[in-house]
**Student:** 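The structure is given below, and queries will be raised subsequently.
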Amino acid sequence: MAIQKIFLAGRWCEGRGEPMRSTFPADGSLNAELRAADVNDVNEAVEAAERAWRDPQWRGLVPHQRAAVLYRVSDLINQQLETLAQLQTRDNGKPLAETRGLVASAAATARYFAAACEVLEGELPTQRNSEVMTLSQYQPLGVIAAITPWNSPIASEMQKVAPALAAGNAVILKPAEATPLMALKLAELFEQAGLPAGLLSVLPGKGSVIGEALARHPLVKKISFTGGTGTGRHLAHIAAEKLIPTSLELGGKSPTIVLEDADLEQAARGICYGIFSSAGQACIAGSRLFVHRSLYQPLLARLCELAGGLRLGDPRQPGVHMGPLINDKHRQSVAAYVALARQEGGRVLIGGEAPADPQLADGSYYLPTIIDGLSNDARVCQEEIFGPVLVAMPFDDEQQLVAMANDSVYGLAAGIWSRDFPRAMALAEQLETGTVWVNTYKTFSISTPFGGVKQSGLGREKGLHGIKAYMQQKSLYLALTHQVNRWSD
Ligand code: ADP
């Protein structure tokens, strides 16, 4: 098998770092062998990026010309939707139905930020009768480090690359160790779409080596990161030393809440999707369930029925709900949390082990698992498991519920199931999370900002604000009179 090249400042070449492999999580078969980037590659990419974003050939383009590249990328993605979805499924083991959605969303993200680039305007904040006219303008930051995780590569990568390029920056993308292929494919599409060399490099490699070198590079002017809270905090320290902005999309332990007036079937299906889709490997997974005591037993019974009906299997097969976890090490970590829940007195209502089916023996599959009998201070309610594990708790009183839901270091998302919309809105107001879904879960719109509070992150991606997050504001004052300043008389 030919060695997969990396994309370094417009050139396809072998990385100068150590050998790496991408494997298919469902059976461990090899997708590609490549060599990681090394620190020399990082330096070369960043220096080329610095020249590229300042180059008048790019910088001098009017916004709609820059946008044209993103429109072309969006079209290319849509034309190759199926191939790209297959590639992402091979890279991270998510079922095709999900990866098709992620690919379509990446195309939409590229189109949205192309449009945002075209309509982005400065402001004229001048007040009436002022002696000066002031202009507020937005300029690119320079070289952006985009560091991404393995769970939704194409979507999370486009969410960073598209607004950063639309804003006039250059981007160095460091994909997760486990999933380098989709980022490299994106580089191919941007190249095909006519993006000038140097504006995008894709450097696979270890976070602690390549990610770290990239974040620390003096010419890198923003770190845009999605991943674990520990890594995010570390990168925030680096950014603080350099005094550069960061955007951090981190972990979660999201509560879903079922009020006594909820539509039980709607809630059960939404909760099931919210925790078990992507086999729970989602920062927004609704992993803590709070149910009004009056509905607790029937809802859990229905949830167990739904979980028991989910099909685990080869993520390329139609009708499969859950593929394998990303690798065995991760499965062991999920299993260790379930063991801990049992030790802490939790009852495993369904799942709690790997499937017995011998056909699934080559992948790191784990059954959808529902646990009850624990309180919110149990470790499985406080720590992110990032797997198909739901912990359910009853509640009686709404104030007690709000306190429990907010009793978490995380604050990424929450779900509320209720037929009483004003009541749900009043509850949403009290939840300390960046997103609240009411009678739906894990639905997204590119025009709606996304991000966390507390240890779930800093900053917001998506929405019109998403492009300004990659720009710096500048004020200009223009005198409206010929008046001479007499101070020095
Ligand atoms: P996850 O738990 O999702 O794997 P990580 O935070 O470990 O989360 O990884 C997310 C991304 O951050 C990956 O691309 C990884 O290589 C990168 N990363 C990990 N450690 C560092 C680091 N010290 N500096 C920069 N990037 C890092």
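Start at 1 and go down the list; that is how both ligands and their atoms are numbered.
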**Student:** Could you tell me whether a side-chain N or O of Lys174 sits under 3.5 Å from a main-chain N or O of Ala215, the two making a donor and an acceptor?
**Tutor:**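 No, because the side chain of Lys174 does not come within donor-acceptor range (under 3.5 Å) of the backbone of Ala215.
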**Student:** Could you list all the ring pair (Phe, Tyr, Trp, His ring centres under 6.0 Å) pairs where at least one residue sits in residues 198-254, not counting sequence neighbours?
**Tutor:**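 As it turns out, there is no ring pair (Phe, Tyr, Trp, His ring centres under 6.0 Å) pair with a partner in residues 198-254 once direct neighbours are skipped.
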**Student:** Could you give the N/O to N/O pairs under 3.5 Å linking ligand 1 and the protein, each with its distance?
**Tutor:**
residue  : atom   : partner : partner atom : Å
ligand 1 : 4 (O)  : Trp150  : NE1          : 3.4
ligand 1 : 6 (O)  : Gly228  : N            : 3.0
ligand 1 : 6 (O)  : Thr231  : OG1          : 2.8
ligand 1 : 8 (O)  : Gly228  : N            : 3.2
ligand 1 : 14 (O) : Thr148  : O            : 2.7
ligand 1 : 14 (O) : Lys174  : NZ           : 3.1
ligand 1 : 16 (O) : Lys174  : NZ           : 2.6
ligand 1 : 16 (O) : Glu177  : OE1          : 2.8
ligand 1 : 16 (O) : Glu177  : OE2          : 3.2
ligand 1 : 16 (O) : Gly207  : N            : 3.3
ligand 1 : 23 (N) : Glu212  : OE1          : 2.9
ligand 1 : 24 (N) : Gly207  : O            : 3.3
ligand 1 : 24 (N) : Glu212  : N            : 3.4

**Student:** Keeping Ser364 on the side-chain end and Asp328 on the backbone end, is there a donor-acceptor pair under 3.5 Å?
**Tutor:**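 Yes; judged by distance alone, with no hydrogens or angles, the pair exists.
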**Student:** Determine all donor-acceptor pairs shorter than 3.5 Å in which one atom belongs to a side chain in residues 189-201; sequence neighbours excluded.
**Tutor:**
residue : atom : partner : partner atom : Å
Glu191  : OE1  : Trp12   : NE1          : 2.9
Ser201  : OG   : Ala9    : N            : 2.7

**Student:** Taking only residues two or more places apart in sequence, or in another chain, which ones meet Lys468 in a salt bridge (Lys or Arg N to Asp or Glu O under 4.0 Å)?
**Tutor:**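 Lys468 satisfies salt bridge (Lys or Arg N to Asp or Glu O under 4.0 Å) with Glu123 only.
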**Student:** Does Glu177 come within less than 4.0 Å of Lys206, counting only side-chain N to carboxylate O?
**Tutor:**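 Salt bridge between Glu177 and Lys206, a charged N being under 4.0 Å from a carboxylate O: no.
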